[in-house]
Amino acid sequence: MAATETRTWTLTIPAPAKMLSANAKLHHQTAGRIRKAWREASFTYAQQAKLPTGLDRVRIDIVLHHTVNRDRDDANWHPHVGKPVVDGLGVQRVVNGKNGPRVEVGYGLIPDDTPAHLDGPFISLGEKVSRRDYPLGLAVVTIVDLTGQPTGGFETERRVTSASTVWTFRCPARHQVSVTLRHGEDADPEPYRELFVARHGHCEAPA
């Protein structure tokens, strides 16, 4: 049987707004405008790249390139950059606001951003870029098609707070463990996931 080539796409997105950290203290309307700008940029670049729609599951990696060199915690960029980027690739939504319903754009790459359809987003920091070329920085988004690839029945969930990221790993038998990584620590959850899978590899889904 011939090997199936994994499909991969890359979006190079000049930052449409500030790369706002989860620790930033801004008015909620200002933060909302920044998230909206990132969501719409992700949607626009997905359109330009003519990405497919209706995929069952993907992995998303986001490399953020700032214009200055500073120590930054990768997890800090999830609420105001990572999630809006994913939302722009997801489904269009109608949200009921104080001024009536509004449409939030979504490309339709995947039907939802739950672990059943999304692995990630995994955010890392890349090399500094020129402020002249990218005044607010640059985001490089890599999408890998995982449609049809088995998950082994294991699930991963992520919850980001202002102080930490909580990863929950769940096996087919519904055993689970949660790992809290505080901002400033190593934010890579993969070693913990691999240890959990190794210890629960014998577990089976209940009949």
Q: Does K83 offer a backbone N or O that forms a donor-acceptor pair with the side chain of W38 under 3.5 Å?
A: no

Q: How far apart are the closest heavy atoms of V129 and H65, and which atoms are they?
A: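 Residues V129 and H65, closest heavy atoms: CG1-CB, 3.5 Å.
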
Q: With no hydrogens and no angle check, do the side chains of H80 and R35 hold a donor and an acceptor under 3.5 Å apart?
A: yes

Q: Does the pair T142 and T8 meet the rule for a side-chain contact (heavy atoms from CB on, under 4.5 Å), with working shown?
A: CA-CA 7 Å; T142 301; T8 302; 3.7 Å; yes

Q: Would you name the heavy atoms of P79 and P84 that are closest together and state the gap between them?
A: O-CD, 3.4 Å

Q: At what distance, to the nearest 0.5 angstrom, does CG of L51 lie from CG of L109?
A: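 Rounded to the nearest 0.5 Å, the CG-CG separation comes to 6.0 Å.
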
Q: Under 4.5 Å between any side-chain heavy atoms of Q47 and Y45, yes or no?
A: no

Q: Could you check Q92 against F43 for side-chain contact (heavy atoms from CB on, under 4.5 Å), going step by step and ending with a plain yes or no?
A: CA-CA 10 Å; Q92 177 177 290; F43 169 79; over 6 Å; no

Q: Under 3.5 Å, is there a donor-acceptor pair between the side chain of S124 and the main chain of V63?
A: no

Q: How far apart are the closest heavy atoms of T67 and K128, and which atoms are they?
A: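 Nearest pair, atom of T67 first, then K128: O-CD, 3.2 Å.
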
Q: Using a 4.5 Å cut-off on heavy atoms from C-beta on, say whether the side chain of V86 contacts that of L118.
A: yes

Q: Are T10 and V141 side-chain neighbours, meaning at least one heavy-atom pair lies under 4.5 Å?
A: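 Heavy-atom side-chain distance check fails, nothing below 4.5 Å.
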
Q: Taking the side chain as every heavy atom from C-beta outward, state whether R131 and V68 have any atom pair closer than 4.5 Å.
A: yes

Q: To the nearest 0.5 Å, what is the distance between OG1 (T30) and NZ (K18)?
A: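 T30 OG1 to K18 NZ: 9.0 Å, rounded to 0.5 Å.
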
Q: Would you say that more than 12 heavy atoms from the other residues, nucleotides or ligands in this model lie under 6.0 Å from the CD of Q48, or not?
A: yes

Q: Could you walk me through whether D113 and D87 pass the side-chain contact (heavy atoms from CB on, under 4.5 Å) check?
A: CA-CA 8 Å; D113 62 358; D87 289 343; 3.9 Å; yes

Q: Out of curiosity, does I13 fall in the hydrophobic cluster containing V105 (side-chain heavy atoms, cut-off under 4.5 Å, transitive links)?
A: yes

Q: For a side-chain contact (heavy atoms from CB on, under 4.5 Å) check, start with the C-alpha distance between I123 and V81, then their side-chain angles and the critical distance, and finish with the verdict.
A: CA-CA 9 Å; I123 301 174; V81 180; 5.8 Å; no

Q: Which heavy-atom pair separates S178 from T168 by the least distance, and what is that distance?
A: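 Between these two residues, the closest heavy atoms are OG-OG1, 2.9 Å.
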
Q: When rounded to the nearest 0.5 angstrom, what is the spacing between CD1 in I60 and CG in D119?
A: 9.5 Å

Q: Which heavy-atom pair separates D145 from R57 by the least distance, and what is that distance?
A: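 Minimum heavy-atom separation between D145 and R57: OD1-O, 3.5 Å.
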
Q: Over all heavy atoms of both residues, which pair between P121 and I62 is shortest? Give the atoms and the distance, please.
A: CB-CD1, 4.0 Å

Q: Quick one, S42 and Y107 - any side-chain contact, counting heavy atoms below 4.5 Å?
A: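 No, too far: nothing below the 4.5 Å cut-off.
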
Q: Side-chain contact, heavy-atom cut-off 4.5 Å: L64 with M19?
A: yes

Q: Does a side-chain heavy-atom distance below 4.5 Å link V85 with R39?
A: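 V85 vs R39: side chains apart.
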
Q: With a 4.5 Å limit on heavy-atom distance, are the side chains of I143 and L89 in contact?
A: yes

